[in-house]
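We name chains A, B, ... by the order of the sequence lines, and we start the count at 1 in each one. Note that these values count all heavy atoms, side chains included, but never hydrogens, waters or copies made by symmetry.
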Protein chains: 2
Amino acid sequence: MSKIATNAAVHGGTDVRDRILETASELFYRQGVRAVGVDLVVEKAGVAKTSLYRHFGTKDDLIAAFLEREDQDFWGQWDGVTARHGADAKAALDAHLGWIGERVGRPNYRGCPQINVAAEFPEADHPARKVAEAHKREMRRRLKVIAERLDVTNPDELAGQLSVLINGAFVSSQIFERDEATTLLRRAAAALIAAGRAPTKPVGETSASC
Amino acid sequence: MSKIATNAAVHGGTDVRDRILETASELFYRQGVRAVGVDLVVEKAGVAKTSLYRHFGTKDDLIAAFLEREDQDFWGQWDGVTARHGADAKAALDAHLGWIGERVGRPNYRGCPQINVAAEFPEADHPARKVAEAHKREMRRRLKVIAERLDVTNPDELAGQLSVLINGAFVSSQIFERDEATTLLRRAAAALIAAGRAPTKPVGETSASC
DNA sequence: CTGACGATACAGACCTGTCTGTTCATATGG
DNA sequence: CCATATGAACAGACAGGTCTGTATCGTCAG
């Protein structure tokens with residue numbers, strides 16, 4: 001039963017905390033946060049309820065910790081993609097969109113946890129909402145960094161458009177055909193970049209392309 | 001359904017049912033479905049609990065009815081926009097995007113109810129999820145009808161991109177600056193249309209615009 | 001008299017969070 | 001090398017509230 005080579009587990013170890021958080025994360029994501037009670041988390045994690053409340057003072061704190069974990073996970077993978085394709089900005093963006101498209105196309109994909117939790121908890125001051133909001137702002141920030149290397153007139157605008165596109169993909173998995181997401185995202189991004197290189201035109205007129 | 005105009009209210013009238021549904025809709029949208037109990041709906045609507053359960057056999061049925069109501073409302077307004085700007089396809093699309101942008105920019109905007117409820121109820125067979133899924137498919141279908149009048153090579157692809165963009169706007173209200181949504185949506189749509197008119201190119205290369 | 005409606009109590013389940021008591025590995029003092 | 005203190009973790013009962021859904025009874029209009 002005891003784990004880990006260097007004890008680490010016992011006496012103040014983070015082993016129990018990790019097990020709780022991992023179990024809670026899976027249950028929260030698959031079934032929804034409000035649908036999962038702490039008793040279920042405790043049972044599935046094989047820990048005592050007292051342990052849960054020692055490490056996370058409140059269920060709300062556990063929810064926030066869940067989103068923080070997802071946040072770290074997400075940016076960890078994002079950075080992994082960046083590391084593999086960081087040279088050219090366009091290639092990096094395509095790689096990120098490919099990664100996101102693959103992600104939303106997975107059979108058990110259930111949407112972006114940040115968006116889902118935000119939908120479950122409208123109260124603006126809920127601790128989990130702050131995590132979710134920071135996550136979305138971080139996404140736009142990172143996209144802007146990429147956009148600035150893409151030789152467009154208005155990198156912030158492009159970052160906003162790409163943010164909307166990606167968030168849209170997260171919540172639109174239902175309407176995608178098989179493996180449609182990646183192609184859709186990449187072509188859309190390419191169109192937005194191309195348009196962003198021409199001087200910004202008034203939006204009202206069609207301007208009959210070039 | 002249409003329950004007659006004359007007496008209407010009393011004796012089998014839809015008055016009580018409407019009041020319940022309207023009250024529930026507002027509470028569900030503002031606070032989240034799971035956060036609102038039937039007791040609260042009953043109290044705010046000023047009806048008896050028995051009446052709620054007579055008209056809606058189950059809370060789940062009430063939730064589904066809520067989404068159906070929102071669905072009808074949404075397409076009613078959509079059709080209103082179409083009626084006012086239906087002549088030119090591009091103008092109609094811009095009008096719809098303006099309407100959506102204005103909608104997501106409202107102070108108390110809380111996201112698309114269909115998306116929110118779907119996030120709250122992961123179970124695939126939940127009655128409300130079916131309504132939500134049908135709603136999203138209907139959106140793509142209608143966008144395709146518009147796309148077909150836009151002289152693009154692949155109307156279905158454009159419809160998919162626009163769907164993602166619109167759904168993204170619904171869940172991205174947090175990251176928008178004041179009144180940014182409409183402009184963002186319209187410029188993005190214009191870019192997608194322009195790109196859709198050129199023959200589809202492989203996505204890998206940048207192709208340096210035109 | 002019929003049937004929709006209001007009011008209210010109730011059942012049974014579930015929820016979060018607390019409290020008590022026990023086990024056990026480690027750290028420390030002698 | 002033994003004894004004791006420390007504190008995390010386990011186990012489970014419990015409190016107090018909320019939830020959905022039902023059952024009962026009175027009212028009132030057509």
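The heavy-atom pair separating A:H96 from A:V81 by the smallest distance is CD2-CG1, 3.6 Å.
In this structure, A:K44 atom NZ and D:dC10 atom C1' are separated by 19 Å, rounded to whole Å. Going from atom CD of A:E43 over to atom C1' of D:dA9 covers 18 Å, rounded to whole Å. Regarding A:D15, its CG atom lies at a distance of 15 Å from the P atom of C:dA25, rounded to whole Å. Atom CG of B:L52 is separated from atom C1' of D:dT22 by 13 Å (rounded to the nearest Å). Computed from coordinates, the A:F56 CZ to C:dG17 P distance equals 13 Å when rounded to whole Å. To the nearest angstrom, P of C:dT16 lies 13 Å from CG of A:D61. Counting to the nearest Å, the P atom of D:dA9 and the NE2 atom of A:H55 are 4 Å from each other. Whole-Å rounding puts the A:L40 CG to C:dG17 C1' distance at 17 Å.
In summary, the side chains of A:W75 and A:D71 do present a donor paired with an acceptor at a separation below 3.5 Å, with no hydrogens or angles considered.
The residue B:R34 sits apart from the nucleic acid: no heavy atom pair falls under 4.0 Å. Looking at heavy-atom distances under 4.0 Å, A:G46 makes contact with sugar-phosphate atoms alone, never a base. In this structure, B:T58 reaches the sugar-phosphate backbone alone: every heavy-atom distance under 4.0 Å involves primed, P, OP1 or OP2 atoms, never a base.
Put simply, the side chain of B:K59 and the base of D:dG21 share no donor and acceptor less than 3.5 Å apart. In this model, a side-chain donor or acceptor of A:K49 finds a partner on the base of C:dG17 within 3.5 Å.
A distance-only check finds a donor-acceptor pair linking the side chain of B:T153 to the backbone of B:G196 [under 3.5 Å]. B:R137 places a side-chain N or O within donor-acceptor distance of the main-chain N or O of A:Q174, the cut-off being under 3.5 Å. In this structure, the side chain of B:R140 does not engage the main chain of B:S163 through any donor-acceptor pair within 3.5 Å.
Side-chain nitrogen and oxygen atoms of B:R54 include at least one within less than 4.0 Å of the OP1 or OP2 phosphate oxygen of C:dC5.
Comparing A:D39 and B:V42 against DNA chain C, the residue whose closest nucleotide sits nearer the 5' end is B:V42. Mapping B:S51 and A:G37 onto DNA chain C via the closest heavy atom, the residue that lands nearer the 5' end is B:S51.
Minimum atom distance to the side chain of A:Y53 is reached by C:dG17, of the listed C:dG6, D:dA8, C:dG17. Between C:dT16, D:dA9, D:dT24, one nucleotide has an atom nearer to the side chain of B:T50 than all others, and that is D:dT24.
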